[in-house]
Visitor: 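I'd like to ask some things about the structure below.
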Amino acid sequence: MNPHDINTPRTLPAEAPEPAAGNATVPIWLMLALGALFYWGELSLDSGAGGFNKLVYSPYFSEREVKMANPQPKLDPLYEKGQGTFMLYCAACHQNDGMGSSTQAPPLVGSDWVLHETPDRIIRLVLLGLQGPVKVSGKEYNFTTAMPPWKDVLNDEQIAAVLTFIRQNRDWNHNASSVKPEKVAEIRKAEAGRAESWTAEQLLKIP
Amino acid sequence: MSVSSPANLNAAGRPGAVPAAVASPDAVHNALPAEAVDKSCRWAVWPLAVAALGWLFLGLLMQGVASFRLVAPDILSDSAVLTYGRLRPAAVELLIYGFGLQACVATAFWILARLGRTQFQGTAPAIAGWVLWNSGVAIGLAGILAGSGSGYEALQFPKYAGLLLLAGFGFWGVAAFLTFSARREPALYPSQWFIIAGFLWFAWIYATAQCLIFWMPARGVMQVVAGQWYLHNLKFLCFSAFGLAAAFYFIPKATGRPLYSAALAKFAFWTLAFFGAGGGFAASLPLPRWMPAVSSVCNFLLLTAAVAVALNFLKTVAGVGGAVAGNLSLRWFRLAVSAWLLAVLAEFLLSRPVIGEYFRFTWVTTAADVLILAGFVILGQLGAFYYMMPRLAQKDWPCQVSPKANFWVSSAGILIIMASYIGAGIAQGRSWINADTLFLESVTASKTWLAVSAAGWLLFAIGQIPMFANLFFMARQELRGCCCCCADFEAGKPTEVRS
Amino acid sequence: MNHGPLIFLGALVTMAISWCGLIFTPQLQLGRMEQAPMKLLAPAYPAGRPGIAAQGREVYRALGCAECHTQQVRPSGDNTDLERGWGLRRTVARDFLTDSPVLVGRLRVGPDLANIAIREPKQFAVPWQYKTQSNHVEELELWHYAHLYNPRAVSPGSIMPAYRYLFEERTPSPKRPPSLDALPPEITARLTGVKNGAFEIVPRREARALVAYLMSLRADAPLFEAPVQITADAKVPNAASATNAPAANASGTNAPATNVPATPAPISK
């Protein structure tokens with residue numbers, strides 16, 4: 001038939017029957033390759049997936065790296081000193097880990113008193129002690145023994161150091177402002193006339 | 001028509017072990033002959049195919065105009081409708097939804113009916129789906145050009161259009177299910193696995209994307225997650241499934257031999273199902289690193305699926321004689337499958353840290369998209385249409401030169417487009433890797449390449465004209481046939497029985 | 001593989017795994033993310049964009065700007081985004097928390113825009129310089145208007161389309177006195193060559209909104225997941241220049257200052 005005739009209908013060419021699928025097997029090297037790639041894939045995810053953590057973005061590989069890359073605040077020089085003072089004088093009641101004890105002292109970790117914006121209350125507290133019930137971070141505490149005054153035992157620098165320590169302790173996730181010895185001196189002078197220890201109610205009146 | 005059945009020949013074309021599936025196709029329990037199957041598919045498949053071709057032409061033209069506007073931005077700059085930022089998304093949506101999925105479904109319908117040796121069931125839902133789908137595409141196109149494009153690649157249609165598309169696809173799924181259930185050949189051929197999966201996967205991913213971006217918008221970057229997941233799965237699950245289904249059907253059909261291995265096809269199916277669904281997240285996206293890591297691993301593992309597919313087809317066509325090798329269907333699919341294999345490789349390379357970040361945001365990523373969308377989907381479906389449409393019409397193409405012209409011009413167009421995008425991308429990459437070079441130098445370096453790409457798109461569009469000419473001639477033959485019948489009837493002459 | 005339902009089930013299982021792993025899990029991780037509390041000027045980052053900037057985001061979307069521009073800054077080591085001064089740090093999920101739609105883009109036919117509001121003029125695609133010492137906010141806004149009206153006038157060689165339809169071009173007459181919102185005469189002269197004030201270019205509402213949006217684009221607040229690192233060769237946007245949350249300031253928005261932490265620690269690997 002004329003190949004350029006577009007007017008006469010053409011018959012269809014013969015066609016093969018519907019295709020069938022042969023029974024050759026999957027070559028063993030392909031299965032091995034799949035296995036090898038699977039293994040590689042697992043290794044790759046182990047090292048490169050950041051632990052499937054939603055906060056790990058490249059170029060960091062783990063949350064620890066991200067934490068390290070974040071700016072670490074400079075430790076106040078009084079911090080180390082304060083740690084020593086704490087262990088010596090405060091840990092007996094407030095414990096080494098700052099969690100307090102049910103019979104002697106409330107916890108310092110996460111305490112709203114410790115982390116208050118200004119350290120004025122806790123400076124007074126340390127100078128003159130505390131008696132009676134106190135509410136710390138929502139929990140009521142009422143100890144038989146009161147907190148003793150420390151104004152005759154610790155000087156300004158020591159008090160500033162220990163308060164800086166408890167306010168900036170990284171292990172407790174505290175990140176409040178440091179306390180200056182001058183501030184302690186100022187408050188010591190202001191409260192020079194007072195002899196009795198504080199109650200929580202009185203301290204709470206101080207901003 | 002009697003044809004020597006290749007079923008009794010093994011892959012080397014010699015009498016030997018009978019393939020695992022059906023021994024003699026026509027001995028299947030009351031199998032419907034091919035002509036009857038084709039006749040039953042007409043009303044379901046023709047509208048989809050013709051509409052798809054129409055959108056293809058329009059989409060390619062719009063992409064050509066958009067590419068031209070990219071390099072000559074001062075011409076026609078007073079119209080908001082013609083800005084690149086609206087034309088290009090509209091064109092891509094037409095290529096994906098107007099042509100891509102519609103053509104895939106048309107081919108899938110026909111393959112399901114043929115492989116089931118049964119009449120096509122569900123013509124009514126197929127037509128209902130056609131109406132809804134094409135309305136959605138038309139409305140969506142108008143929406144994008146009017147400024148309601150969503151901004152998400154491949155999801156640009158406004159939400160009302162998306163709903164129409166989803167509803168239309170639902171109807172098509174019903175038709176496919178009905179035809180599949182009515183099959184008379186119980187054994188399943190690989191094409192059918194891929195088609196079942198393709199229908200399920202598209203419905204799921206499209207519904208998810210529509211939900212999380214339009215109807216119940218997810219917070220912040222989750223929208224990007226949904227969009228990227230959808231885009232990757234569209235290419236490497238849905239289009240891959242439908243396209244491979246067509247390849248698995250047409251390549252053995254064209255050579256007259258059985259597919260080399262059902263087991264390899266099974267291997268390809270499951271590796272595609274698992275690993276094709278894991279990718280999509282580039283390392284540059286603002287996402288935690290585990291997501292690009294998972295994508296990278298999945299893209300690597302997807303290579304095994306590519307190897308399985310390549311091996312299967314290479315062995316199927318091995319040693320095929322000259323006349324068969326020149327068969328046009330084989331030509332279309334050889335190119336389409338090669339494009340798919342390259343696209344899988346490209347996706348893998350682009351997810352590697354060094355290569356990926358060198359080419360990230362360059363035109364090379366667009367080239368990879370063109371590879372799978374145009375090289376695999378468009379060429380593959382056109383190849384399927386060239387085989388399928390004459391059989392639906394029960395007559396061969398009137399002009400025998402046009403299919404070849406279509407093939408060569410389209411292939412040339414795609415090659416030019418890909419080469420120019422790769423060239424532009426390399427020029428950008430070389431410019432950016434040095435932090436001291438000005439950004440504008442990368443624009444200048446890539447401009448000529450982009451101009452060439454515009455020519456490539458226009459060439460690709462022109463390459464479809466032979467197909468329309470052929471369709472026109474075929475329609476004219478059909479009408480003349482009807483007219484002859486009517487004229488004879490009125491004149492009282494005995495009317496010829498039309499074959 | 002001869003049972004349709006089994007294949008369907010298998011395909012469903014694999015898709016379900018993908019959906020659970022890559023849609024559901026990210027939704028649990030990212031979809032309910034909250035703003036990060038900051039000890040800076042604004043209490044939470046990111047704050048939502050002010051009204052006109054949110055409208056500008058819609059204009060950005062409708063014009064298809066995301067086809068050519070990205071808003072993603074890559075970390076150091078992945079190409080040269082940071083070295084080019086396109087940001088102080090990489091962009092992360094939280095930066096896009098208050099945006100909808102999130103238009104991060106995928107192609108850089110034009111430069112990245114994630115930090116365009118704080119980018120130094122010498123880091124633009126075509127570098128330029130501020131003319132005044134103090135009026136940087138207004139200068140940057142005018143640059144954006146000029147760029148939208150005719151990109152090639154301020155950026156020779158650019159292929160960005162000219163968005164002239166975002167502007168109203170008018171000749172002042174006794175019936176229509178000169179508009180207060182018109183671009184200054186020297187800029188009009190540069191864009192159109194018309195010097196004598198016989199022609200003025202007035203940005204329409206869409207142009208204003210778009211420029212407000214562009215002036216709100218910054219992603220430099222230090223976050224836990226993306227601390228700001230200053231290396232020796234990074235081009236740091238000059239914090240002293242007054243491009244800190246420009247007009248947006250008046251509406252009381254975010255604008256965490258571009259302050260850099262006092263002692264950035266090096267990355268230890």
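So you know, we letter chains A, B, ... as the sequences are listed, proteins then strands, and number each from 1. For clarity, every value in this text was computed on a predicted model and none was experimentally measured.
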Visitor: Heavy-atom pairs under 4.5 Å with chain B - which of S58(A), G50(A), G41(A), G48(A) has more of them than the others?
Guide: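 With the most close heavy-atom pairs to chain B, the winner is G48(A).
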Visitor: If I take atom CD from residue Q394(B) and atom OG1 from residue T11(A), how far apart are they, to the nearest 0.5 angstrom?
Guide: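 Answer rounded to 0.5 Å: 11.0 Å.
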Visitor: Mind telling me whether W40(A) and F300(B) have parallel, tilted or perpendicular rings, with 30° and 60° as the class edges?
Guide: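 Perpendicular.
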Visitor: Taking R289(B) for its side chain and Y60(A) for its backbone only, find out whether a donor-acceptor pair lies under 3.5 Å.
Guide: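 Checking the backbone N and O of Y60(A) against the side chain of R289(B), a donor-acceptor pair under 3.5 Å is found.
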Visitor: Output the distance between atom CG (L264(B)) and atom CG (L30(A)), rounded to the nearest 0.5 Å.
Guide: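 Between atom CG of L264(B) and atom CG of L30(A) there are 6.5 Å.
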Visitor: I need the minimum non-hydrogen distance between P288(B) and N53(A), along with the two atoms involved.
Guide: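 So the two residues come closest at CB-O, 3.7 Å.
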Visitor: Restricting to non-hydrogen atoms, name the atom on F38(A) and the atom on L301(B) that form the minimum distance, rounded to 0.1 Å.
Guide: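 Scanning both residues, the minimum pair turns out to be N-CD2, 3.7 Å.
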Visitor: Would you mind checking if K253(B) and E15(A) are paired as a salt bridge, meaning a charged N to carboxylate O distance below 4.0 Å?
Guide: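 Yes, charged N to carboxylate O under 4.0 Å.
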Visitor: Tell me if a side-chain donor or acceptor on R476(B) pairs with a main-chain N or O of N7(A) at a distance below 3.5 Å.
Guide: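 Answer holds: no.
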Visitor: Within the distance-only criterion (no hydrogens, no angle test), does the side chain of Q477(B) pair as donor or acceptor with the backbone N or O of I6(A) below 3.5 angstrom?
Guide: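 Checked: pair present.
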Visitor: Testing the basics here: between S261(B) and A24(A), what is the closest heavy-atom pair and its distance to 0.1 Å?
Guide: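 Shortest heavy-atom separation between S261(B) and A24(A) comes out as OG-O, 2.6 Å.
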Visitor: Taking atom NZ of K395(B) and atom CG of L12(A), what is their separation to the nearest 0.5 Å?
Guide: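 It comes to 9.0 Å.
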Visitor: Can you tell me which of L115(B), L287(B), V294(B) forms the most heavy-atom pairs within a distance under 4.5 Å of chain A?
Guide: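 Highest number of heavy-atom pairs under 4.5 Å: L287(B).
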